[in-house]
**Student:** 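Quick one: the structure is below, and I'll ask about it shortly.
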Amino acid sequence: MFITLKKEVLSRCLNIAAKALPPHSTIPVLENILFESCDGKLTFTTTNLELEIKVALPYSDTETGKILLPRKTVDIIHHLPAPDVEMNINLESLRFDLNSGPTKFNLYGADAGEYPIIEAILPAKDAVSINRLLMKQVLKTVVFAASTDDSRPAFNGVLFLFKEKGITLISSDTYRLVVKKISDERWDFEEKKYLVPARSLRELLKILDEESSEVTIFPHQKQVAFNLGPVYFATRVLEEKYPDVSGVIPARRTTRLIVERKLMDETIGRAALLAEGVNQPVQLSAGNNQLSVRVSSQVGRMEEILPVHQEGEEIEIYVNSRFIADILKVVDLKEIIIDFHGKNGPIIFRMIDDETYLYLVLPIKME
Amino acid sequence: MIVNICSQGVSPVAGRRKIIFLADMESFYASVETALNPSLRGKPVVVCGDPVLRHGIVLAASKEAKACGIKAGQPAWECRRLCPGAVFVRPHMHTYLEYSMRITQIFEQFTDRVVPYSIDEQFLDLTGCEGLFGAPREIARAMIRRVGEETGIRCRIGLGENPLQAKMACDCFAKRAEDAFFELNAANYAAHTWPLPIGKLFGVGHRMERNFHHMAVRTIGHLAGLPREALARRWGVSGEILWLNAHGIDHSTVEPGGAARQKGVGHAMTLPRDYATPRELAVVLLELTEEVCLRARALGKMGGTVHVYCRGADFDRPSGFSRQKKLPEPTSVTMDVYPHALSLFRRHWDGQPVRAVGVSLTGLTDRDRYQLSLFNRRAAKDALGEAMDGIRERFGATSIFRAASLTPGAQLFRRAGMIGGHEA
């Protein structure tokens with residue numbers, strides 16, 4: 001099989017496919033990339049048994065067949081000197097040669113027979129298409145709050161709740177919570193829940209480009225797939241029970257601040273330099289249209305005063321500085337709303353003119 | 001290194017030599033027993049637990065008993081063989097603690113920098129006290145006299161320019177000295193300690209002693225003569241510390257409150273008989289977890305990591321493990337810690353009979369400041385723990401307990417009368 005491709009195109013495909021390559025697997029065959037050629041396209045498939053990525057390239061004039069490429073191929077292609085790459089694949093001897101300008105690589109592939117067959121997903125009843133740019137922004141503001149600690153597996157997932165005309169995304173690590181709703185008048189879902197691993201969504205975020213085409217979601221009982229045109233991204237869902245979060249969000253706030261996001265981000269960045277321990281606490285106190293951020297630690301103390309727009313009571317509260325920094329980094333707005341709910345009540349960050357998003361953080365209790 | 005040696009014992013700020021004491025009580029438990037019961041005076045007294053419950057190990061022996069060859073750590077039957085006339089006394093840990101604190105109070109009349117190192121050893125920093133009480137030798141003499149008069153216990157004092165020198169002065173010389181006092185300093189350290197066998201050096205245990213013997217290092221002087229880098233290469237920081245010890249160099253200070261910054265709380269116990277069933281082991285594990293959490297709560301702390309220790313019963317084939325696990329969030333709630341302790345135990349236990357188990361909680365943080373959590377009814381759990389602790393404090397350790405403590409394997413009622421695993 002003889003194929004000529006642009007190095008740049010091939011490299012991009014392999015980089016995307018590499019996101020699902022397990023670094024070490026108990027099943028050695030998974031550390032390869034499955035290369036297939038049939039029906040006028042070339043595909044590169046990888047899986048770590050949780051996440052599966054399939055990248056397709058249209059290519060006519062070639063025979064049908066498949067071979068496993070070692071993971072090193074990704075780096076090799078990246079380092080080739082010329083803009084074009086010739087691949088010469090021998091399916092009999094399982095050898096493949098890469099020629100690019102003056103460079104020749106003669107590589108050993110492996111038999112694809114051992115590679116797990118991943119069943120193609122049937123079109124789902126609730127398949128839904130969303131603008132990619134929107135999807136990227138939504139995921140960026142939701143996924144960060146999911147837990148990376150494996151001790152409570154349910155919180156390693158982002159809950160996708162399909163109901164009537166909307167999809168609600170929920171993520172939490174038990175100390176904070178994000179709720180985001182996207183809706184569309186044309187939708188009408190039967191109520192269904194899917195707990196999608198945040199690990200997979202973090203990879204999805206990396207490959208979602210900001211073109212204004214669409215991404216289609218196929219939700220299934222055990223798997224949720226995202227179709228991005230040439231890239232097919234499918235992830236297993238977590239079979240864990242997700243707690244009900246509706247009771248957590250308080251109805252009445254005591255204080256509302258409107259803060260300049262960039263200013264606060266920089267202030268928290270400075271305060272975090274002194275915040276120490278697991279909880280990295282900073283003290284926030286608001287009064288007279290001023291928000292003061294204070295930290296004291298074994299090294300010393302710092303204080304900074306920010307002008308804010310304030311409604312409601314004065315407030316003084318301790319909170320993990322990282323939790324504030326996280327939200328201020330992922331949103332791209334000039335101003336942000338911060339609602340307080342009393343001394344030990346949650347702090348809720350909201351976006352101006354957007355009722356569909358909230359980021360709730362529980363404070364540090366000081367007795 | 002030369003700079004190090006020269007600057008040894010000279011505080012960079014004050015520019016003067018420090019006066020550090022290590023005071024050690026002679027045959028402490030046995031001396032306390034003799035002080036309380038003068039009829040024991042002059043007799044070989046052995047403080048020893050109950051052999052039936054496997055506590056038949058010598059905890060302390062009086063001067064007279066030591067003369068017969070009895071040493072701490074020997075089994076009771078061996079003592080009887082060595083010294084048929086020995087008087088066996090059961091331990092009274094509570095009294096020993098009281099005596100230890102009384103001695104601390106005596107020392108505190110000389111200096112505010114007293115740090116108990118063990119129940120019968122205390123470090124004292126007397127730098128700057130010469131003007132009040134005279135030369136170090138005078139101060140030591142006064143201390144020894146007062147401890148003797150007020151408690152009936154003979155105290156020995158080592159003097160050094162740092163804690164290490166004081167410890168070496170006490171252990172290697174003051175214990176044998178007529179006046180129970182000895183001084184080591186940068187000038188005389190080498191002359192006195194270098195001829196001593198390597199096993200006498202602070203920090204050298206049996207295993208290190210054997211390692212050194214293999215390297216033909218038989219005295220402290222031999223070790224001091226090796227290049228520091230050679231020790232560092234072979235054993236890392238701990239090798240370097242031994243080299244520094246051999247040169248009498250120690251940069252630590254005697255600061256009270258250092259011990260208060262506790263890293264963890266733990267409890268381990270030797271079971272009265274070998275336990276072999278998962279049920280019995282689960283019960284002791286729960287009781288240990290409760291005890292550890294109770295202590296953490298009493299300190300106003302909670303732990304971030306739970307640690308489980310287990311030792312197999314078979315002496316010929318040593319088995320057991322010591323494993324730890326990070327908790328999802330810091331806690332001092334017994335029933336939040338217990339499932340993790342139990343799962344650690346289940347994962348690592350080889351199913352063989354067990355002689356000793358232990359549980360500890362480390363990564364302590366303050367209990368009065370913590371990150372609130374969404375799905376944890378923490379306030380209620382904390383209140384329950386506090387209520388139980390309050391009842392125990394008022395009505396005794398067995399006034400309220402978990403029902404599991406009534407099932408086979410439970411140790412709560414037996415241990416309620418003990419301190420540090422010995423009779424109170």
Side-chain angles (χ1 to χ4, degrees), chain A residues 145-156 170-179 240-250 275-283 296-298 317-324 341-348 359-367, chain B residues 255 257-258 260-264 296-308 323-333 335-344 346-347 361-383 385-386 389:
Chain A
S147 171
T148 49
D149 175 359
D150 291 334
S151 61
R152 279 174 293 198
F155 296 105
N156 296 141
I170 298 169
S171 71
S172 172
D173 62 2
T174 76
Y175 306 122
R176 50 190 176 155
L177 167 79
V178 170
V179 180
E240 301 283 339
K241 199 169 152 25
Y242 206 82
D244 179 22
V245 300
S246 56
V248 175
I249 302 153
E276 60 189 13
V278 202
N279 293 330
Q280 304 178 38
V282 294
Q283 187 203 53
S296 69
S297 75
Q298 293 188 344
I317 205 160
Y318 289 86
V319 59
N320 187 328
S321 55
R322 193 167 47 83
F323 292 173
I324 310 178
H341 304 80
K343 180 94 182 110
N344 288 316
I347 303 167
I348 299 184
Y359 172 59
L360 178 151
V361 175
L362 285 182
I364 293 160
K365 191 168 178 180
M366 297 273 187
E367 279 167 1
Chain B
E255 264 168 83
R261 263 182 277 114
Q262 212 174 346
K263 288 208 189 92
R297 290 194 293 263
L299 290 168
K301 300 281 180 186
M302 48 190 187
T305 303
V306 61
H307 187 113
V308 173
R323 293 297 179 119
Q324 63 181 50
K325 186 179 176 190
K326 193 172 168 280
L327 296 167
E329 53 189 290
T331 178
S332 59
V333 174
M335 293 320 274
D336 281 352
V337 177
Y338 182 58
H340 297 281
L342 192 63
S343 86
L344 270 177
R346 287 194 175 142
R347 178 151 1 123
L361 213 47
T362 55
L364 298 186
T365 48
D366 290 335
R367 210 157 74 90
D368 55 2
R369 50 157 67 188
Y370 57 88
Q371 171 68 51
L372 290 165
S373 168
L374 286 167
F375 309 103
N376 189 349
R377 288 168 49 245
R378 169 169 208 147
K381 288 182 194 170
D382 275 346
E386 276 159 27
D389 294 350

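From a predicted model like this one, the values you see are computed outputs, not experimental measurements. Labels below follow one simple rule: chain letters A, B, ... track the order of the sequence lines, proteins then strands, and each chain is numbered from 1.
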**Student:** Among the options B/His340, B/Glu329, B/Arg367, pick out the one with the most heavy-atom pairs lying under 4.5 Å from chain A.
**Tutor:**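 That would be B/Glu329.
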**Student:** Tell me, side chain or backbone of A/Asn344 under 4.5 Å from chain B's heavy atoms, or both, or neither?
**Tutor:**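 Both parts, heavy atoms under 4.5 Å.
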**Student:** Nearest 0.5 Å, please: how far is CG in B/Leu374 from CD1 in A/Ile249?
**Tutor:**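 Here the rounded value is 9.5 Å.
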**Student:** Evaluate side chain to side chain contact (heavy atoms under 4.5 Å, CB included) for B/Gln371 paired with A/Phe323, printing each intermediate quantity in order.
**Tutor:** CA-CA 11 Å; B/Gln371 171 68 51; A/Phe323 292 173; 3.7 Å; yes
**Student:** What part of A/Ser172 lies closer than 4.5 angstrom to a heavy atom of chain B: side chain, backbone, both or neither?
**Tutor:**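 Answer is side chain: those atoms of A/Ser172 sit under 4.5 Å from chain B.
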**Student:** What are the two closest non-hydrogen atoms of A/Asp244 and B/Phe375, and how far apart are they?
**Tutor:**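 Nearest pair, atom of A/Asp244 first, then B/Phe375: O-CE2, 3.8 Å.
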**Student:** Let me know if A/Pro281 has heavy atoms under 4.5 Å from chain B in its side chain, its backbone, both or neither.
**Tutor:**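 Only the side chain of A/Pro281 comes within 4.5 Å of chain B.
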**Student:** To the nearest 0.5 Å, how far apart are OH in B/Tyr370 and OH in A/Tyr175?
**Tutor:**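 Here the interatomic distance stands at 12.0 Å.
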**Student:** Among the options A/Lys365, A/Met366, A/Arg152, pick out the one with the most heavy-atom pairs lying under 4.5 Å from chain B.
**Tutor:**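 Of the options given, most contacts go to A/Lys365.
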**Student:** Can you give me the closest heavy-atom contact between B/Arg369 and A/Ile364, atom names plus distance?
**Tutor:**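 Taking B/Arg369 first and A/Ile364 second, the nearest heavy atoms are C-CG2, 4.3 Å.
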